[in-house]
Amino acid sequence: DEPIEVDQGNGEIWRPENYDGRPTGAHTLRYGIEQSKNLMTVRLARDVGMPLVSEYSKRFGVYEDMPPFLSMSLGAGETTVLRMTTAYSMMANGGRRIRSTLIDRIQDRWGRTIYKHDQRVCQGCDAEKWANQNEPRLIDKREQVLDPLTAYQITSMMEGVIQRGTATNVQLPVPVAGKTGTTNEAKDVWFIGFTSNVVAGCYMGYDNPRGLGPKAFGGTLCVPVFQAFMEEAVKRYGGTAFKLPPGGHFVNIDRYTGEQL
């Protein structure tokens, strides 16, 4: 978390800063995520390479084709709340692909399902006789976009955002993970958070971008909205500790194609 200068190739030097303008020296990546340290983010993105960051943004559906500019590591581009919330849901889902939808299921007048969004196969759910049959089993063939151990580690880091970081005002009776976001001059503020069962996203900003005020941050404006919503959601859906998915183990994922090796 030290000052960094980036030569943009046109004679101009980009000098990103933390929101408070203060560098704090060497820290763990966990600390950088918890405290939303821009300098650490830019340095990490430069080290791993923006083409790889761009590929992951596409894999998670945040952008269709993110330009590999270093400033994009701080959210210089535009996306939607639905895209961001869907991306975070894949972290909560052990790194498996989730496709967002507004329609879960359609039934005809006789109650027969003619469309369902969930494409998982329930093996044994169509038994002709309900006696001595094997227990039904869901077969999940959704794409593994991220190693489940990596998804678990990132989720653990984002739990720290709630426990010690920029979103400590989130107070729920179940474990919560998430990340705040605030753009330059507080023109946009974000918070995406999740329990083991529910993911919710909040965005605030004007149609014609302008500052939201000197004390506007994701943690001050969006977190209270998230808190109010999730208090009711937890009553209905509950939540448990975050853990590896059943059979969770290291999976070797091709860093560019997302395919399991």
Side-chain angles (χ1 to χ4, degrees), residues 1-81 83-84 87-88 91 146 150 153-154 157-158 160-161 164-168 178-192 201-223 255-256 258:
D1 186 28
E2 288 290 347
I4 182 173
E5 294 185 349
V6 180
D7 187 348
Q8 301 186 90
N10 57 357
E12 295 185 5
I13 302 296
W14 179 44
R15 297 179 178 87
E17 295 181 347
N18 294 329
Y19 77 92
D20 60 4
R22 298 196 303 267
T24 59
H27 289 286
T28 62
L29 177 59
R30 178 180 291 272
Y31 173 87
I33 291 176
E34 291 176 356
Q35 302 301 325
S36 201
K37 295 296 184 180
N38 292 339
L39 295 175
M40 297 178 73
T41 300
V42 172
R43 185 171 277 105
L44 178 63
R46 184 186 64 177
D47 289 348
V48 302
M50 284 305 296
L52 183 57
V53 175
S54 178
E55 167 58 30
Y56 269 98
S57 75
K58 183 177 181 180
R59 191 181 302 178
F60 279 87
V62 178
Y63 299 103
E64 291 294 337
D65 188 17
M66 189 186 87
F69 304 140
L70 197 54
S71 60
M72 293 293 287
S73 66
L74 295 180
E78 294 184 352
T79 187
T80 68
V81 184
R83 282 177 174 265
M84 287 294 290
Y88 275 67
M91 296 292 183
L146 186 69
T150 302
Q153 289 172 325
I154 295 175
M157 292 181 187
M158 289 194 290
V161 174
R164 297 172 295 275
T166 56
T168 53
K179 184 69 185 73
T180 58
T182 307
T183 60
N184 289 351
E185 302 174 15
K187 292 179 179 179
D188 306 283
V189 296
W190 294 77
F191 182 74
I192 314 291
C202 169
Y203 161 83
M204 287 189 185
Y206 291 104
D207 291 340
N208 296 315
R210 58 189 175 93
L212 295 170
K215 296 183 179 180
F217 302 99
T220 57
L221 296 186
C222 269
V223 161
R255 63 191 300 184
Y256 292 107

For the atom pair CG (D65) and CD (E55), what is the distance rounded to the nearest 0.5 Å?
-> 10.0 Å
Between N18 and Q35, is any pair of side-chain heavy atoms under 4.5 Å apart?
-> no
Exactly one candidate in E78, R83, M72 meets side-chain contact (heavy atoms from CB on, under 4.5 Å) with Y63; the answer is M72
When every non-hydrogen atom of G25 is compared with those of E2, the smallest separation belongs to CA-OE2, 3.3 Å
Do E5 and I13 have side chains that get closer than 4.5 Å, going by heavy atoms?
-> yes
Separation between CG (D47) and CG (L52), nearest 0.5 Å, reads 12.0 Å
Which atom names give the shortest non-hydrogen contact between N10 and D7, and what distance separates them?
-> N-OD1, 4.4 Å
Atom OH of Y31 with >12 non-hydrogen neighbours under 6.0 angstrom = yes
Nearest 0.5 Å, what's the CE-OG distance between M40 and S73?
-> 13.0 Å
Indicate yes or no for a side-chain donor-acceptor contact from S57 to the backbone of S54 under 3.5 Å, with no hydrogens or angles considered.
-> yes
Hey, is the main chain of E17 close enough, under 3.5 Å, to the side chain of N38 for a donor-acceptor pair?
-> yes
With side chains defined as the heavy atoms from C-beta onward, is the minimum distance between M158 and Y88 less than 4.5 Å?
-> yes
I'd like a table of donor-acceptor pairs (distance under 3.5 Å, sequence neighbours excluded) in which one partner is a side-chain atom from residues 205-214, with atom names and distances.
none

Between OG1 of T166 and CZ of F191, what distance do you get to the nearest 0.5 Å?
-> 7.5 Å
Atom CG of N184 with >12 non-hydrogen neighbours under 6.0 angstrom | no
Do R15 and P3 come within less than 4.5 Å of each other through their side chains, counting heavy atoms only?
-> no
T182 side chain vs V189 backbone, donor-acceptor pair below 3.5 Å = no
Student check: side-chain heavy atoms of W190 and V81 closer than 4.5 Å = yes
Would you indicate whether the side-chain heavy atoms of S36 and K179 approach each other to under 4.5 Å?
-> yes
Please tell me if the side chains of C222 and T180 come closer than 4.5 Å, counting only heavy atoms from C-beta onward.
-> no
Which value, rounded to the nearest 0.5 Å, describes the distance between M204 atom CE and T220 atom OG1?
-> 9.0 Å
Residue pairs meeting salt bridge (Lys or Arg N to Asp or Glu O under 4.0 Å), one or both in residues 182-191, sequence neighbours left out, come to E185-K187
Is the closest side-chain heavy-atom distance between K37 and R43 below 4.5 Å?
-> no
F60: partners by side chain to side chain contact (heavy atoms under 4.5 Å, CB included), with sequence neighbours left out | Y56, V62, A87, M90, M91, V145, L146
Spatial distance of atom CG (D1) from atom OG1 (T41) [nearest 0.5 Å] | 9.0 Å
Over all heavy atoms of both residues, which pair between M66 and M50 is shortest? Give the atoms and the distance, please.
-> CE-CE, 3.5 Å
